[in-house]
Every structure is written in structure tokens, then in C-alpha cells.
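Just so you know, residue 1 is the first one in the sequence shown, and it goes up from there. For clarity, every value in this text was computed on a predicted model and none was experimentally measured. Numbering of ligands and ligand atoms starts at 1, following listing order.
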Amino acid sequence: MAKSLEIQDLWVSHDGKMILKGVNLSLPLGEVHALMGPNGAGKSTLGKVIAGDQAYTVERGRVLLNGEDITGLEPDERARKGLFLAFQYPLEVPGVSIANFLRLALKERLGRDVPVTEFYARLQEGLKTLEWDEEVLGRYLNEGFSGGEKKRNEILQLLVLRPQVAILDETDSGLDIDALKVVARGVNSMRGPEFSALVITHYQRLLNYIVPDVVHVMMDGRVVKTGGPELALELEARGYDWLKEEVAHAGGS
Ligand SMILES: Nc1ncnc2c1ncn2[C@@H]1O[C@H](COP(=O)(O)OP(=O)(O)OP(=O)(O)O)[C@@H](O)[C@H]1O
Ligand SMILES: [Mg+2]
């Protein structure tokens, strides 16, 4: 199957401290994968490095998108190639309305001017999927938004931009069940042969709504286990200690 996103032996440091220590992960087109793991394992760092965050130094390894090495590309170049990263802590941008922000982001993503009709068609469809009222479009980006509204807005971005690969870093905490369902509805509506997603999450609960094809577990900067949706259930039931032991017995490699 075509590999949409492929991470090969990725080592990444920040301020001289090694955070990612040889991550291998492949996400084929058409699949949705979950990325789990304890606090500090490196999940968000991996998401940010995939998106091109320059605060981190890639020491070794590669990130491939559709077989092309994108390790050295700027974030906006990656976005044009179809990569989307939803942030764990969304930015507030006072003075920029949601509609204007989305229009600019879509122009960036497609690398061309977008006719108003095309833009509104995407917007209307997105709002409908999220059951969100049009009046929100005039509001400033994330300013005074509740946690659930921020989340809706982030998923609206996903639905308007229609990326090929989406990385969603879900903090779960503070999100009520309706907000989780919004995330799920957005991701599920994108599912299809031309879309793939990596959903970073701690909780099995989200995965009841977005059923992943594959679950990866990260620990101490590496993917230590990959399995089916049942792996998330096992982690929910047993925690991470058994896996730590399993990794230690395997000689840490
Ligand atoms: N910008 C940074 N500056 C300093 N340390 C960082 C930075 N980014 C990541 N780290 C460190 O790298 C490690 C991995 O952090 P990361 O945020 O990737 O973990 P995570 O798996 O997303 O954790 P969580 O489940 O809590 O979200 C942590 O020890 C963190 O302190
Ligand atoms: Mg994180």
C-alpha cells in the first residue's frame, strides 16, 4: 500500500537534550492511526517535527511524505504538500476573524487564490458537518473561545483545508464528550482512500469514536509497540508498566 507518511529512524534533540531516539512509524494512505504513550514520551515533539517546527534539531533520520524526503522543508511548504497539524494548545489571534484566517490558510495550502464560491462551499460543508452556526465566522480566532469552541474551530480548519495527512494532538483533558464527538465527526467525515491521520491521544475514550486502524505506543522517544485497536483497550485496562517491563526485557532495543 502507498505510504503516505513515513518516519525513518528519527533522532531529534532540543537544547542538546535528545528527545526522539530513533522513531520508526509508517502511516499508509487511507488509514487512521493512534499514537499513545505516557507523558513526556515525545508524542507532541514528533508531531511538531513532522510539521517542521524549527525549534527542534533533527540529528538523524528522515520524514517522508509520499516517498519524498521533507525533513528539511519549512512548515508552509509541508502544508502545501498536504500536511496538517492541529496544535495541542491552539493560538489566540486577536483581530483576525475565523473566516479570514481560513481563507488565508486555504490559499497557503493550495498555493493559489481561492474563488469566494469555492471557499464558501468548503466552509458551509464544514459548518454543517460540525453543526456549527455561521455567525461564528465573524468572531476573532480563538479569542474568548471555550475549550470546546477552540476544538471545533481546529476541526473546521481540517475540513476546509482537506489535507492529505492530518496530525491531531489531542489533549482530551478539559474536553467534554460533545467536543470529543466533534473531533471524531470531523476526522471520520474525512476518512477515505485519499486521507490519512495520526491521532495523538491518552484516552481510549476518543478511540471509541475514531476507531483507529493501527495503534502505536511511544515510550522514551521511540515507538515501542504497534498493534490493532485492542492495544488501546489493553493500555486503558493495564496502564504502561507492563509495557515498560516488556521493553526493558527486550534489552531496550
Ligand atoms: N521545546 C522544548 N523545550 C524543552 N524541552 C522540551 C521541549 N519540547 C519537548 N521537550 C521535552 O521532551 C520530552 C517530550 O515532550 P513531549 O511534549 O513531546 O511529550 P508528550 O509525549 O507529548 O507528553 P504529553 O503526553 O504530556 O503531552 C519532555 O521531557 C519535554 O520536557
Ligand atoms: Mg503532548
Subset of ligand 1 atoms that lie under 4.0 Å from at least one heavy atom of His14: 1 (N), 2 (C), 3 (N), 4 (C)
Proximal atoms of ligand 1 relative to Gly40 (non-hydrogen, under 4.0 Å): 13 (C), 14 (C), 19 (O), 20 (P), 21 (O), 23 (O), 24 (P), 26 (O)
Polar contact flag, side-chain donor to acceptor under 3.5 angstrom, Ser13-Glu59: yes
Heteroatom proximity flag, Ala41 to ligand 1, N/O under 3.5 Å: yes
Note: Asp113-Lys107 ion pair, threshold 4.0 Å (strictly below): yes
Aromatic ring pairing Trp132/Phe145, orientation class (parallel under 30°, perpendicular over 60°, tilted between): perpendicular
Whether His202 lies under 4.0 Å from ligand 1, heavy atom: yes
N/O separation below 3.5 Å, Gly42 to ligand 1: yes
Arg122 bridged to Glu125 by N-O distance under 4.0 Å: no
Among Thr45, Asn39, Leu35, Val49, closest by any non-hydrogen atom to atom 15 (O) of ligand 1: Thr45
Under-4.0 Å salt bridge between Asp53 and Arg78: no
Electrostatic pair Lys81-Glu68, nearest N-O below 4.0 angstrom: yes
Presence of salt bridge, Arg103 and Glu118, under 4.0 angstrom: no
Closest to atom 12 (O) of ligand 1 (judged by heavy-atom distance), picking from Asp169, Ile19, Val12: Ile19
Pairing of Lys225 and Glu246 as salt bridge, 4.0 angstrom limit: yes
Numbering as shown, the atoms of ligand 1 that approach Ser44 to under 4.0 Å (heavy-atom distance): 17 (O), 18 (O), 20 (P), 22 (O), 27 (O)
Lys17 contact mode with ligand 1 (heavy-atom cut-off under 4.0 Å): side chain
Residue part near ligand 1, for Lys43, under 4.0 Å between non-hydrogen atoms: both
Heteroatom N/O/S of Thr45 within less than 2.8 Å of the Mg ion (ligand 2): no
